[in-house]
Amino acid sequence: MSKDKKKESTPKKELSEWQKRNQEYLKKKAEEEAALAEEKEKEKQARKEANSKLLEESKKSSSESDEEASSISKEPSEKAEKTQKEDTKVKKEKEKKKKEKPEKPAKPKIAPVHIWRAVSILVPSVLVLLLSIYLLTPLSTIKHIEVKGNVQTQADDIKQVSGIQDSDYTLSLLLNKEKHAEQIKSNHWIESAKIDYKFPTNFTIEVKEFEIVSYYVTGEDHYPILSSGTVESSPVSLVSLPETYLSVMFNDEGQIKSLVSGLSSISEEIKNSIQKIELAPSKATADLLKITMVDTDEILVPLSELSKKLPYYSKIKPQLSEPSFIDMEAGIYSTSLADKRLEEAEEKAKQEAKEAEKKKQEEKKAEEKKQE
C-alpha cells in the first residue's frame, strides 16, 4: 500500500510540444508501415492467385496434350511451367521498376510553322538592329570619291555641284547616286555624268564634257563656244589656244545656238577648213553669214540654211582654180575673189561718189537759203 500511495502521490510529468509531435510522427509512421505491409500482403496474395491460375491453365493444357498424344513426356510441361514462372518474374520485376521509376513524359515537338514564323520575325529584327548600330558609328559616313573624264573642269567643282556632303551617309549616296549625277549636269561644261559604286566605300564620278567647237573672238579675248551652244563666260589664255581654231565674230545667244546646230551636220573636212565666221546681213537676208576659209575662199550663206547649202562647197571647191567668192544667198554661184574685190571697190567708189554728190547738193541748197 505504501508503494501505491507513493505512486499516487508523485504527479505525472506533462509532455513537451516536441515530444507530442514526435509521438504523433511515430504513430503516423507506424500506421504507414502497417498500411504498406498490408499492401505487400495483398500483392503477394494476388501474385499467388495469378501463379495458381497459370499453373492450372498449364496443367489443363498439358492434360489435353497428353490425351491427344500419349508419346509426349511430362518433361516439356515442366519446362513450360518453369519458363512461365520465369516470365512472370520478369514481368513483375518490370512492373516494380515502372512503379519505382515512372517514365518521364516526352517533350512535345515544335511544329515547323512556328519555327518559320519565329525566323521571319527574328532575322529582320536582327538586320534592323545591325543597321541602326552601323548608322550610329562614324563608319556610315566614310566615302572615297574620285572624278574621271574632266579636262576643262576641276574635280572639286564637280563634287560641289553634285550636292554630295561629307556628312552624308554612304548608304544615302548609294541609293541617290542617279539624283546626284543629274545635278552634276547643271554645270554647263558637263554633257553627261555617271556615278559608279565599288564595295565598300569607293565612288567614281565619270563625266563627259561638251566639246569646244569654236571661239568667240573680241579684240584679244577668246571665249570657248561649246557643242551645247553655250559661250563660256571667262576667256581662255592665248597660250592654251590650239594651233587652228574656228573664230566667231558675234555672240548672240540664239544665233550661236543655231550656228552650232547647223555645223553639227557639216562634215569634219569642211569644218576644219573654216577660219572665221561673221555676220554680213543684206537687205534681203538678215541672218546672212560671211565664212572665210583657210585657203581665203569666201562664202555667203544664210544661217537658217547653213546645214543645207554649205555641204555643196565640197563639190564646188575642186572646180575652183583660184581663191573664189561663193554666193549661196539666193542660188549658188561663184566668181574669183579678185573680181569680187574689183566689184566691191567699184560699188564702194560709186557709193562714195553718190554721197559726195549728195553732200554737194546739200551744201548748195544751204548757200541758196543764206543768200535769200
Side-chain angles (χ1 to χ4, degrees), residues 25 28-29 31-33 35-51 53-55 57-58 61 79-148 159 162-185 192-207:
Y25 171 73
K28 285 181 181 180
K29 192 174 181 182
E31 289 174 358
E32 288 176 358
E33 288 177 353
L36 287 170
E38 287 178 3
E39 286 180 2
K40 287 179 180 179
E41 289 281 336
K42 288 178 182 179
E43 286 178 0
K44 284 180 181 179
Q45 288 177 1
R47 287 171 189 170
K48 286 178 180 178
E49 289 176 359
N51 290 330
K53 285 180 181 179
L54 290 169
L55 288 169
E57 288 176 359
S58 62
S61 60
K79 288 180 181 180
E81 287 177 5
K82 287 180 181 179
T83 54
Q84 285 178 356
K85 286 179 182 180
E86 289 175 0
D87 291 338
T88 51
K89 285 180 181 179
V90 171
K91 286 180 181 178
K92 286 175 183 177
E93 287 176 359
K94 286 182 179 180
E95 286 176 359
K96 283 181 181 179
K97 287 179 181 180
K98 286 180 181 179
K99 288 178 181 179
E100 290 173 0
K101 294 180 180 180
E103 291 184 357
K104 294 181 180 180
K107 293 182 180 180
K109 291 183 178 180
I110 301 170
V113 177
H114 299 302
I115 294 170
W116 284 112
R117 284 178 182 171
V119 169
S120 64
I121 294 168
L122 287 172
V123 170
S125 302
V126 171
L127 291 175
V128 169
L129 177 63
L130 292 174
L131 180 62
S132 302
I133 294 169
Y134 168 72
L135 293 174
L136 290 171
T137 63
L139 295 172
S140 60
T141 58
I142 294 174
K143 299 178 290 295
H144 301 287
I145 301 171
E146 184 182 3
V147 180
K148 291 183 177 180
K159 289 178 185 178
S162 69
I164 300 170
Q165 304 293 328
D166 293 336
S167 59
D168 290 344
Y169 290 117
T170 308
L171 184 61
S172 174
L173 177 55
L174 180 61
L175 296 174
N176 298 294
K177 59 181 184 178
E178 285 80 10
K179 177 185 172 184
H180 291 293
E182 196 65 26
Q183 284 182 253
I184 293 169
K185 290 166 68 176
S192 63
K194 184 176 70 171
I195 300 176
D196 292 325
Y197 169 71
K198 189 176 181 181
F199 186 83
T201 57
N202 298 318
F203 292 88
T204 304
I205 302 174
E206 291 187 10
V207 297

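Computed from a predicted structure; not experimentally measured. Position 1 is the first residue of the sequence, and the numbers go up from there.
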Legend entry - Contacts of Glu206 that satisfy salt bridge (charged side-chain N to carboxylate O under 4.0 Å, His left out) - sequence neighbours left out: none
Legend entry - Euclidean distance, Asp166 CG relative to Lys159 NZ, rounded to 0.5 Å: 9.0 Å
Inset, instruction - Rounded to the nearest 0.5 Å, what's the gap from OG1 on Thr204 to NZ on Lys198? Could you check? - result: 8.0 Å
Legend entry - Phe203 and its side-chain contact (heavy atoms from CB on, under 4.5 Å) partner, picked from Asp196, Val147, Thr170: Thr170
Legend entry - salt bridge (charged side-chain N to carboxylate O under 4.0 Å, His left out) assessment of Lys185 paired with Glu182: CA-CA 5 Å; Lys185 290 166 68 176; Glu182 196 65 26; 3.7 Å; yes
Legend entry - Pairwise distance OG1(Thr137) to CD1(Ile142) - rounded to 0.5 angstrom: 8.0 Å
Legend entry - Atom of Thr141, atom of Ser167 and distance for their closest heavy-atom approach: CG2-O, 3.6 Å
Legend entry - Rounded distance (nearest 0.5 Å) linking atom CZ of Phe199 with atom CG of Leu174: 11.0 Å
Legend entry - CD on Glu38 to CD on Glu41, rounded to 0.5 Å: 8.5 Å
Inset, instruction - List for me each residue that meets salt bridge (charged side-chain N to carboxylate O under 4.0 Å, His left out) alongside Lys194, sequence neighbours excluded, and say none if there are none. - result: none
Legend entry - Heavy-atom pair of closest approach, residues Asp168 and Gly163: OD2-O, 3.9 Å
Inset, instruction - Tell me, please, which residues at least two apart from Ser172 pass side-chain contact (heavy atoms from CB on, under 4.5 Å). - result: Tyr169, Asn176
Legend entry - Distance (rounded to the nearest 0.5 Å) between Ile145 CD1 and Ile205 CD1: 5.5 Å
Inset, instruction - Could you tell me whether Glu31 and Lys28 have a side-chain N and a carboxylate O separated by less than 4.0 Å? - result: no
Legend entry - Residue pair Ser162 / Ile184: nearest heavy atoms and the distance that separates them: CB-CG1, 3.5 Å
Inset, instruction - Decide yes or no for His180 and Gln183: does some side-chain heavy atom of the first lie under 4.5 Å from some side-chain heavy atom of the second? - result: yes
